[in-house]
Number of protein chains: 2
Amino acid sequence: MNIGQPGAPRRATISDVAREAGTGKTSVSRYLNGETNVLSSDLRARIEAAIQRLDYRPNQMARGLKRGRNRLVGMLVADLTNPYTVEVLRGVEAACHALGLMPLVCNAANELEMERRYLQLMTTYRVEGVIVNALGVEEEALRRLGEGGTPAVLVDRKVDGLEADMVGLDNTAAVQLGMRHLIERGFEDILFVVQPFEQVSSRRLREMAFRHALDDARRSRAQAAPPLEGRTVVLDLADADALARAYADLDAYLDAKRAAGARRVACFAANGPVALSLALHLHARLGANWQARVALMAIDDPEWAELIGITAIRQPTYAIGYRAVEFLHERIEGANAPLSEACLPGELVARASTSAA
Amino acid sequence: MNIGQPGAPRRATISDVAREAGTGKTSVSRYLNGETNVLSSDLRARIEAAIQRLDYRPNQMARGLKRGRNRLVGMLVADLTNPYTVEVLRGVEAACHALGLMPLVCNAANELEMERRYLQLMTTYRVEGVIVNALGVEEEALRRLGEGGTPAVLVDRKVDGLEADMVGLDNTAAVQLGMRHLIERGFEDILFVVQPFEQVSSRRLREMAFRHALDDARRSRAQAAPPLEGRTVVLDLADADALARAYADLDAYLDAKRAAGARRVACFAANGPVALSLALHLHARLGANWQARVALMAIDDPEWAELIGITAIRQPTYAIGYRAVEFLHERIEGANAPLSEACLPGELVARASTSAA
DNA sequence: TTGTAAGCGTTATCAG
DNA sequence: CTGATAACGCTTACAA
């Protein structure tokens, strides 16, 4: 270990500082913990100088061991590749910063095995709490976390059997917002495109809201108005074969519509990754001018949406992350309040894609 | 969670396990550390059972305190919003996984203050090493890290005054690749668009490579061939005013070219964020059909490149991350080899944008 | 106002 | 093979 160069630069410890300052560890500890009013200004100055000289940094690990809290909070995310996740993370980091916490970010990269592993690792590092944007399945590992007494906050999705605070988009309102927009703009064929939604609460909620919004719109539609058509399309981005089949169906549907002389079909993507997949497919199949045939709208507002003029429902991602940490912090501090759920509103960003059917 | 006061579920410690198994802590520790051959199978079984029953997880912090190594490696990134970063991260995580390390990801979000803070925090948590994708400036905090004896590996950019291993793209080769492509396709006006490059080594290298490639091409050009024009355009994405001015100049240049009846101008973006900014600007100024006027090509291959057919030079991001951890691991294990530098090759992905001038 | 000593959960040393 | 016991770097009674 560090055999090589002369003077293996071992980090200074509190004892080193005490010696250097000609005092005991206790006083140094007091200084570190801001109990400066208990220290004579002379001693304080000596300690300060010693710390400077030795470039001393208190060891958080040792501190945590003794105090029982190491200020580490785990942030387990399903997929860092999703811009949504990164944005939420910014809120999380800001809040952690403000509260003196250190986020331990773990990316499951859409793999269950990773999720499990990281959850394990986190408990091993004795994080004081966990913010979880789970893959969806795998309640087990999470439940054990809870049983271990580690507070958790869920982001975007619930996990069956795990009772924890949760923060995310107001899915129902967001979908209603989108549907109202599409209908106002005169769309008569609306496809709600979503990843397999049985396991993931937010997707389930969005899909349900879509069907309800559709029903409501039909009910309140004038007799004379053209009928409103709508259906749910499931896109399993993780399964290439299933995806190919789904797209074949979609293509057939679009072709039929066109043959029937219908207006542009609207595709309402349930989130950013779906929207991207759709856009790529349509681009490949219909050419650069694909938007003449299909109007894409999405929940989430990835950077490329502006680039090709896609209407989006932007999530309050920063706020979601920030709020999650606040929830967690309360629990860590021992709050015993009933579980709460924060549903933050989305915001419609209208762009060219949906300007008219 | 953490419902009710009763039985605050303190995590089991090694002593608990020892008691439960009717043995001493030493044996449990031995079991945990895989010295199973030294244990009678009876004892081993009892320990195993006790661990199961108590759902025991060794405390990494305590372990680290004693052993002097906690398996934590810091990963400081300049900007998680940049897809490049996220991709590198995947390589980092995979390698950490393989080597039994725990990545502590910190996002400076392009703020110097954050970078400094996180660097501090990391040393406070006694990370065994750091992988740094630095903002560029701020050598100071990093240098102190090095002096503290913490090994570091640089990703994508060097830092003045910090001697550390480094891994990144082979910038020169990548730019040459791109230039050759553009020239082959008949472009005669090439703008190399890059963020302020004085402070950031990779940008500097790319810009230099651009000028050299340009000179070389001119030299080896046939007498009769039309002249090759090229210049560097600096885009400071962080400074709105400067950005606006730069774009005004760019627009004027493009208009002049067009008035002179020139072919399409090629914009060679030095990285993904620049490419995005350019695309957004051109889209806003020239309309959806902007690509008829400008051919965009970029180092980095963000998800939207395929969507609008932008030729890209893809970086071996995963390999970069993986390699960085390998370097770091060697240093952590005490390797004393001379500093090395891994320059990994980029790959050209030709798309419609540069199909012909 | 200051210092001593006893842990926090592990591992390492050294006897049985 | 097994198990006390002393650290690791820090905080916190408890004294002085």
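The sequence lines fix the lettering, A, B, ..., with proteins before strands; numbering per chain opens at 1. Excluded from the calculations below are hydrogen atoms, water molecules and symmetry mates; all remaining heavy atoms, backbone and side chain alike, are included.
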Problem set entry | Any donor-acceptor pair under 3.5 Å from B:Arg157 side chain to B:Asn133 backbone | no
For this session: Using atom CG of B:Leu32 as one end and atom C1' of C:dT10 as the other, report the distance to the nearest whole Å.
Result: 9 Å
For this session: Go through the steps to decide whether B:Arg57 and B:Asp55 satisfy the test salt bridge (Lys or Arg N to Asp or Glu O under 4.0 Å), and finish with yes or no.
Result: CA-CA 7 Å; B:Arg57 308 280 169 68; B:Asp55 188 28; 3.1 Å; yes
Problem set entry | Touch class at under 4.0 angstrom, heavy-atom based, for A:Thr13 against every strand present | sugar-phosphate
Exercise. In degrees rounded to 10°, what angle is found between the helical axes fit to the five outermost pairs at each end of the helix from C:dT1-D:dA16 to C:dG16-D:dC1?
Worked result: 40°
For this session: Using atom types as modelled and distance alone, determine if a side-chain donor or acceptor of B:Asn70 lies under 3.5 Å from a backbone N or O of B:Arg126.
Result: yes
Exercise. How would you label the contact of A:Ser29 with the nucleic acid (heavy atoms, under 4.0 Å): base, sugar-phosphate, or nothing?
Worked result: base
Exercise. If you take atom types as modelled and just measure distance, does the side chain of A:Arg30 reach the base of C:dG3 with a donor-acceptor pair under 3.5 Å?
Worked result: yes
For this session: Remember a base hit wins even if backbone is also touched, and classify B:Ser40 as base, sugar-phosphate or nothing at under 4.0 Å, heavy atoms.
Result: sugar-phosphate
Problem set entry | B:Arg30 versus B:Asn37, side-chain donor and acceptor atoms under 3.5 Å | no
Exercise. Looking at C:dT10, does its base get a donor-acceptor pair with the side chain of B:Lys25 below 3.5 Å?
Worked result: yes
For this session: Looking only at side-chain atoms of B:Ile14, point me to the closest of D:dT11, C:dT10, C:dG3.
Result: C:dT10
Exercise. Nearest-Å distance, CZ (B:Arg11) to C1' (C:dC8)?
Worked result: 16 Å
Exercise. Is the shortest heavy-atom distance from the side chain of A:Arg144 to the side chain of A:Leu119 under 4.5 Å?
Worked result: no
Problem set entry | Nearest atoms (heavy-atom pairs only) where B:Arg331 meets B:Ala337 | NH1-O, 2.7 Å
Exercise. Tell me: CZ of B:Arg67 to P of C:dC8, nearest whole Å?
Worked result: 21 Å
Problem set entry | Main-chain N/O of A:Asp79 paired to A:Thr85 side chain as donor or acceptor, under 3.5 Å | yes
For this session: Mark yes or no for whether A:Glu20, through its side chain, and A:Ile51, through its backbone, hold a donor-acceptor pair below 3.5 Å.
Result: no
Exercise. Taking OP1 and OP2 of C:dG3, is either one under 4.0 Å from a side-chain nitrogen or oxygen of A:Ser27?
Worked result: yes
For this session: Enumerate the residues from residues 50-60 of chain A whose closest heavy atom to DNA chain C is under 4.0 Å, giving them by residue number; use none for an empty result.
Result: none
Problem set entry | Toward the 5' end of DNA chain D, by each residue's nearest nucleotide, B:Arg126 or B:Thr26 | B:Thr26
Exercise. What is the distance, rounded to the nearest whole Å, between atom OH of A:Tyr125 and atom P of C:dG9?
Worked result: 18 Å
For this session: Could you check B:Arg44 against A:Ala62 and say which one's nearest nucleotide on DNA chain D is further toward the 5' end?
Result: B:Arg44
For this session: Test the A:Arg323-A:Phe327 pair against the cation-pi criterion, namely NZ or CZ under 6.0 angstrom from the six-membered ring centroid and within 45° of the ring axis.
Result: yes
Exercise. Under 4.0 Å: is that the gap between some side-chain N or O of A:Thr23 and OP1 or OP2 of C:dG3?
Worked result: yes
Exercise. Can you tell me how far C1' of D:dT2 sits from CD1 of B:Ile47, to the nearest Å?
Worked result: 10 Å
Problem set entry | B:Lys66 NZ to D:dG9 C1', straight-line distance once rounded to whole Å | 11 Å
Exercise. How close or far is atom P of C:dT2 from atom CG of A:Asn37, stated in whole angstroms?
Worked result: 12 Å
Exercise. Okay, side chain of A:Arg90, backbone of A:Tyr318: is any donor-acceptor separation there less than 3.5 Å?
Worked result: no
Exercise. For the pair made of CG in A:Leu65 and P in C:dT11, what is the distance, rounded to whole Å?
Worked result: 12 Å
